[in-house]
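Below is one structure; the comments refer to it alone.
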2 protein chains.
Amino acid sequence: MKNEPDLSAQIAKSIRDAIVVGDLLIDERLPSEAELSEQFAVSRSTLREALKRLAAQSLIRTQRGATGGAFVNRLTFEQAYGQQITTSALLLSMNNIDFKTACEARFALERACAPLSAQRRTINHLGAMLAEIDRQAQPGLSDEAFCASDVAFHRALVDGAGNPVLSYQLAGAIEAIEPLMNMITFTTRSRDQIVRIHTEIADALTAKDAPRVDNLLADLATYTAQLGQSVADAKKRCRKKQLL
Amino acid sequence: MKNEPDLSAQIAKSIRDAIVVGDLLIDERLPSEAELSEQFAVSRSTLREALKRLAAQSLIRTQRGATGGAFVNRLTFEQAYGQQITTSALLLSMNNIDFKTACEARFALERACAPLSAQRRTINHLGAMLAEIDRQAQPGLSDEAFCASDVAFHRALVDGAGNPVLSYQLAGAIEAIEPLMNMITFTTRSRDQIVRIHTEIADALTAKDAPRVDNLLADLATYTAQLGQSVADAKKRCRKKQLL
DNA sequence: TGCAAAAGAAATGTCAGACATTTAAACATC
DNA sequence: GATGTTTAAATGTCTGACATTTCTTTTGCA
């Protein structure tokens with residue numbers, strides 16, 4: 001019952017540590033696969049598996065050709081967003097997180113941005129939000145498109161805080177819960193109600209009225225939680241009926 | 001100038017999508033490497049590189065032996081914490097995020113938890129916080145240990161909100177900024193000041209006084225930002241001196 | 001019969017070597 | 001000097017072999 005990790009995992013950890021502590025700088029080229037496999041005394045295949053592990057975490061990128069090789073990759077906010085959203089979505093779905101918990105976390109985080117956003121939002125942010133509200137008010141909009149627009153609206157609100165770290169942290173919370181919100185899209189949601197609240201939020205942000213934004217987000221949280229609850233109740237009734 | 005991703009990346013994406021949409025269930029065994037390499041019409045090495053990519057994201061785990069193979073892995077909060085902290089730390093260090101921005105994000109997020117924590121914190125959370133405060137007050141404590149205890153204190157505060165999703169989202173914010181806070185540890189920080197605020201926070205949480213917790217966190221944010229500013233100023237003066 | 005040891009089978013882990021493809025630089029030709 | 005060709009270096013892919021781990025099956029012995 002040996003429980004040592006793979007050689008490829010060990011090597012990946014070794015290189016990852018070198019990147020984290022700064023022994024390898026951004027855009028620096030790693031030695032070639034041939035050299036590295038000699039250094040670590042493993043075959044090229046094993047070493048390549050280690051490099052693929054690092055590539056999967058966006059820690060390195062590879063180029064083919066004469067001057068190619070593996071380079072330490074600057075982790076962009078874009079890449080980090082993507083990873084966070086995937087991880088968060090899987091975490092929620094794989095651990096049976098109930099809607100109430102996810103919803104509570106999401107709005108708690110978003111409300112943390114509200115005061116900053118009320119203070120710093122630019123014309124661009126307000127414009128983006130109003131554009132999304134217009135889209136949401138269109139009658140023919142599909143459920144998917146409405147949901148995407150909803151996400152874009154809240155994304156603009158968060159970005160309005162002008163803090164990229166905050167935007168990154170929020171990406172997971174907002175975009176990963178989108179699938180959960182889809183659960184209730186087809187049943188009891190009132191688009192008018194949501195558009196109304198969104199409009200008021202945009203107004204409050206325009207007026208830089210932070211407390212009002214906070215109150216409105218609280219309203220939205222309550223409304224969303226209610227929808228989730230009613231769907232859950234409906235499901236329970238449905239199950240009972242089936243049992244009879 | 002072909003720009004297609006590797007076969008291993010394509011295959012990894014294909015399997016990852018199958019997991020995300022639920023075609024592959026948790027703990028389900030994937031076909032053997034031999035079967036998969038036949039299905040995707042690639043060699044076993046290429047397929048293995050794809051599997052390593054997935055393993056790097058904790059999406060699968062592998063077992064050796066007769067009944068072994070690759071299994072869809074339940075992503076635990078623990079694993080997700082770890083990934084988030086690594087990603088956040090790299091994101092901050094690789095993009096030259098200034099202390100002010102990171103600090104602002106961190107405290108904005110933590111303050112989002114404060115009302116919930118004031119309401120729901122248990123004896124255990126309060127006990128953990130008091131224990132950390134005691135440790136922080138010990139004279140002989142090393143800077144690293146003080147910093148770790150500081151993180152543990154805030155972690156307990158966040159966990160007090162009783163929302164695992166929130167705790168997960170905050171893990172990155174709090175633990176990734178620890179290295180940044182170390183920057184200022186050795187210079188101007190007053191442990192007494194911090195212990196005093198921590199004590200007051202614990203008192204306020206005991207009394208379930210949410211607004212007071214919020215105010216105290218704001219104080220701590222201000223104090224920390226000041227420290228960061230003073231260190232930055234000192235550095236600037238130092239550079240100027242060197243130029244003369 | 002019962003049980004422990006040995007053999008077998010199936011899977012991943014590792015290695016070695018070959019060939020394909022891409023890319024940039026060096027070279028040659030006009 | 002511009003342009004096309006060759007060459008070299010690197011990653012990407014394939015094949016086949018062997019090592020190791022782990023469970024199952026069989027065998028052998030008391």
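Just so it is clear: chains get the letters A, B, ... in the order the sequence lines come, proteins before strands, and each one is counted from 1.
Atom CG of B/Leu36 and atom P of C/dA10 are 17 Å apart (whole Å). One interatomic measurement links the two molecules: CG of A/Asp6 to P of C/dA11, which rounds to 18 Å at whole-angstrom precision. D/dT11 atom P lies 9 Å from atom CG of A/Leu47, rounded to whole Å. Straight-line distance from the CD atom of B/Glu35 to the C1' atom of C/dT12: 14 Å, rounded to whole Å. Across the protein-nucleic acid pair, A/Phe71 atom CZ and D/dT11 atom C1' stand 11 Å apart, rounded to whole Å. Distance CG (A/Leu7) to P (C/dT12): 17 Å, rounded to an integer number of Å. With rounding to whole Å, A/Gln10 atom CD is found 13 Å from C/dG13 atom P. Between the C1' atom of D/dT11 and the CD atom of B/Glu49 lies a distance of 10 Å, rounded to the nearest Å.
Tested against B/Arg44 for a side-chain hydrogen bond (donor to acceptor under 3.5 Å, both in side chains), the candidates B/Glu33, B/Glu38, B/Glu49 yield a single pass: B/Glu33.
Dashed line: the shortest gap from a side-chain N or O of B/Arg48 to OP1 or OP2 of C/dG13 is under 4.0 Å. Contact annotation: A/Ser8 does not reach the phosphate of C/dG13 (side-chain N/O to OP1 or OP2, under 4.0 Å).
Closest contact between the side chain of A/Arg64 and the listed nucleotides C/dC15, C/dT22, D/dT13 involves C/dT22. Closest contact between the side chain of B/Glu33 and the listed nucleotides D/dT13, C/dG13, C/dT14 involves C/dG13. Between C/dC15, D/dA10, C/dT22, one nucleotide has an atom nearer to the side chain of A/Ser32 than all others, and that is D/dA10. Closest to the side chain of B/Ser43, from the set D/dT15, C/dA11, C/dG13, is D/dT15. With D/dG12, D/dC14, C/dT12 as the candidates, the nucleotide lying closest to the side chain of B/Thr46 is D/dC14. For B/Arg44, the listed nucleotide lying nearest its side chain is C/dT12; candidates were C/dT12, D/dG12, D/dC14. Of all nucleotides listed (D/dA19, C/dA10, D/dT13), C/dA10 comes nearest to the side chain of B/Ala66.
In this structure, B/Leu109 and A/Leu166 have side chains that are in contact, with non-hydrogen atoms separated by less than 4.5 Å. Within the 4.5 Å cutoff, the side chain of B/Ile174 has heavy atoms near those of the B/Glu110 side chain.
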Test side-chain hydrogen bond (donor to acceptor under 3.5 Å, both in side chains) applied to B/Thr101 and A/Asn163, step by step: CA-CA 6 Å; B/Thr101 304; A/Asn163 186 318; 5.1 Å; no
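Atoms CD and CG, from A/Gln136 and A/Leu141 in turn, are 8.0 Å apart once rounded to the nearest 0.5 Å.
Residue B/Thr67 is the one, among A/Ser45 and B/Thr67, whose nearest nucleotide of DNA chain C lies closer to the 5' end (criterion: closest heavy atom).
At a threshold of 4.0 angstrom between heavy atoms, the contacts of B/Arg29 are confined to the sugar-phosphate backbone, with no base atom among them.
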